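Values reported hereafter were calculated over all heavy atoms of this structure, with side chains retained and with hydrogens, waters and symmetry mates removed. Bear in mind that the values here come from a model prediction, so they are computed numbers and not experimental data.
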Amino acid sequence: MDIKSFRSAFHGKVFEPSDVGYNEARQIWNASVSKHPSVIAQCTGVADVIAAVNFARANNLLTAIRGGGHNVGGRALCDDGLVIDLSPMRSVFVDAATRRVRVQGGATLGDIDRETHIFGLAVPCGIVSKTGIGGLTLGGGVGWLIRKYGMSIDNLLSSQVVTADGQVLTASFSENDDLFWALRGGGGNFGVVTSFEFQAHPVATVLGGLLLYPREMAIDVIRHFRDYMASVPDELSAYAALLHGPDGSPLVGVIPCYCGNLADGERILQPLRQFGSPIVDGIQAMPFPAMQSLLDPSFPDGNQNYWKSTLQRELSDDAISAIVEHANRLSSPLSLVVLEYYGGAAGRVLSEATAFPHRNLPWDILFIAQWTDPAQTNIHRDWARSGEEVLRPFSANAHLLSALDVEAEDVINTAFGTNLPRLAAIKKKYDPTNFFCVNQNIKPRSQADAA
């Protein structure tokens, strides 16, 4: 392995285990993940990505791709191989006239919001500012604007991709359209996406914040939230959560975000705000970037994390009771259960229009285990895993790709649903040797073989 020649041709930073800065370079947001790559290549641009891909292929190195954000399952790293680290590539370019936004693959949602907000625009993506745009988008991309403007992939116009053979391709509706289809929900299986081009929308100020109630009201609050959301306009997205306050008190919360006319929003949110007697009503007008960072303190760097999720078509009373009962058994005050409701514009897209297949499953129930003591890992992982098991009678045996941890192949395949055969055929076309395999992996097969 001629690492010296690679270093000389590489403009970014290259780390080996003996280098100063290596340990910092291999850290990711989830402290549960500790891997030791042979080489970490922090790229500054597309030429660096090409050099890294060619170097890894020539030396038969296992290769992981790191974006700019959380990476709960730890697929941003690998042991003994090469990490192509895009986190230095965070530039965002806004064309206000066309409302098009070009984003490098290592950018976070906070990076995007900072640049788009000055033009009164926003790209539909996520709910936490430290999330990386790459992993979020390739998994589908759900967030505060999903019901009005769709998923992140529904606003993707094109991508620049470095493939396993070191070629640079543009994927769009008019170029390599099969690859473009696969990138919209197929994960990191098809190449290194060095940049994304999005359609932005006029969103500057939203009506949002937290409604908090004592935990004993959880079943009533969530039932009311479910019934209320069934008839609200697309401008309103909202999630519910079972969580703890800063003092450790168990709570239930509802977090709305209304992206339309503020006077209309005040009227539409009244039935939500007047239900019961919330101990906190923090709903107010705020800049969209403030909404996007509202939950950041709940996901700090350096905690241990393990997530499970399950998608559902409906949220029955029995399912709500099971969720609340399981939330009451969590043993870390940092852990939480989130009930995300999608639908709206995202739910009106055909399941076969993009690689993301679950348009008809608007409920995502997330069991987020979070703790600080590594010795307690089994306790908290078991709680998250058993949460998914408790909901199995109510679930559609489907999962959101970006919330999957290390899973068996059959579980990963449920995230691709009926689109898996087509994805496997596209994988065979663009990555026949499965060079990009440190991901929620799709095996390269012909469509007939995969069916």
Side-chain angles (χ1 to χ4, degrees), residues 6-7 9-15 21-22 24-30 33 35 37-57 61-78 81-93 101-112 114-115 123 125-126 129-139 141 152 156 158-164 166-171 179 183 186-198 301 402 431 435-440:
F6 175 59
R7 284 180 180 271
F10 196 84
H11 282 206
K13 295 179 180 179
V14 176
F15 294 96
Y22 170 83
E24 291 76 15
R26 70 176 188 86
Q27 303 298 320
I28 61 172
W29 169 80
N30 184 0
V33 178
K35 296 182 181 179
S38 295
V39 182
I40 300 173
Q42 294 185 340
C43 303
T44 60
V46 179
D48 276 353
V49 174
I50 295 169
V53 167
N54 289 340
F55 177 75
R57 191 181 65 251
L61 292 173
L62 183 67
T63 302
I65 308 165
R66 179 176 184 175
H70 288 151
N71 199 259
V72 177
R75 296 178 190 83
L77 302 175
C78 60
L82 171 73
V83 173
I84 298 176
D85 187 349
L86 304 181
S87 59
M89 298 172 55
R90 299 174 59 170
S91 295
V92 178
F93 306 95
V101 182
R102 172 70 66 179
V103 181
Q104 285 189 304
T108 64
L109 310 194
D111 295 329
I112 299 170
R114 176 179 169 81
E115 297 299 328
V123 172
C125 54
S129 70
K130 287 189 174 182
T131 304
I133 190 62
L136 178 91
T137 301
L138 295 174
S152 300
L156 188 64
S158 69
S159 296
Q160 185 183 65
V161 187
V162 177
T163 56
Q167 300 300 305
V168 182
L169 299 179
T170 296
L179 177 61
L183 293 175
N189 275 280
F190 307 96
V192 185
V193 182
T194 54
S195 66
F196 301 84
E197 183 189 22
F198 292 102
D301 293 348
S402 55
D431 185 16
F435 176 82
F436 297 110
C437 63
V438 185
N439 45 43
Q440 294 99 342

Does any part of the side chain of [Y], heavy atoms only, come nearer than 4.5 Å to the side chain of [X], both counted from C-beta?
X: Ile84; Y: Val53; answer: yes
X: Phe190; Y: Val161; answer: no
X: Cys437; Y: Leu62; answer: yes
X: Val49; Y: Met89; answer: yes

State, to 0.1 Å, how close [X] and [Y] come at their nearest heavy-atom pair, and which atoms those are.
X: Phe436; Y: Val162; answer: CZ-O, 4.0 Å
X: Gly12; Y: Thr44; answer: CA-CG2, 3.6 Å
X: Val438; Y: Cys78; answer: CG2-CB, 4.4 Å
X: Thr108; Y: Lys130; answer: CG2-O, 3.9 Å
X: Val83; Y: Pro37; answer: CG2-CG, 3.5 Å
X: Arg102; Y: Ser158; answer: NH2-OG, 3.4 Å

How many angstroms lie between atom [atom1] of [X] and atom [atom2] of [Y], to the nearest 0.5 angstrom?
X: Ile65; Y: Arg75; atom1: CD1; atom2: CZ; result: 12.5 Å
X: Ile28; Y: Leu77; atom1: CD1; atom2: CG; result: 4.5 Å
X: Leu138; Y: Asn439; atom1: CG; atom2: CG; result: 10.0 Å
X: Glu24; Y: Phe15; atom1: CD; atom2: CZ; result: 8.0 Å
X: Asn54; Y: Gln167; atom1: CG; atom2: CD; result: 8.5 Å
X: Asp431; Y: Thr163; atom1: CG; atom2: OG1; result: 8.5 Å

Counting N and O atoms only, with roles assigned by atom type, does the side chain of [X] sit under 3.5 Å from a partner on the main chain of [Y], one being a donor and the other an acceptor?
X: Lys13; Y: Ala25; result: no
X: Thr63; Y: Leu61; result: yes
X: Gln104; Y: Ser91; result: yes

More than 12 heavy atoms of other groups within 6.0 Å of Arg7 CZ: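 Correct, the count exceeds 12.
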
Aromatic plane relationship, Phe198 with Phe196 - under 30° parallel, 30 to 60° tilted, over 60° perpendicular: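 Parallel: the ring planes of Phe196 and Phe198 meet at under 30°.
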
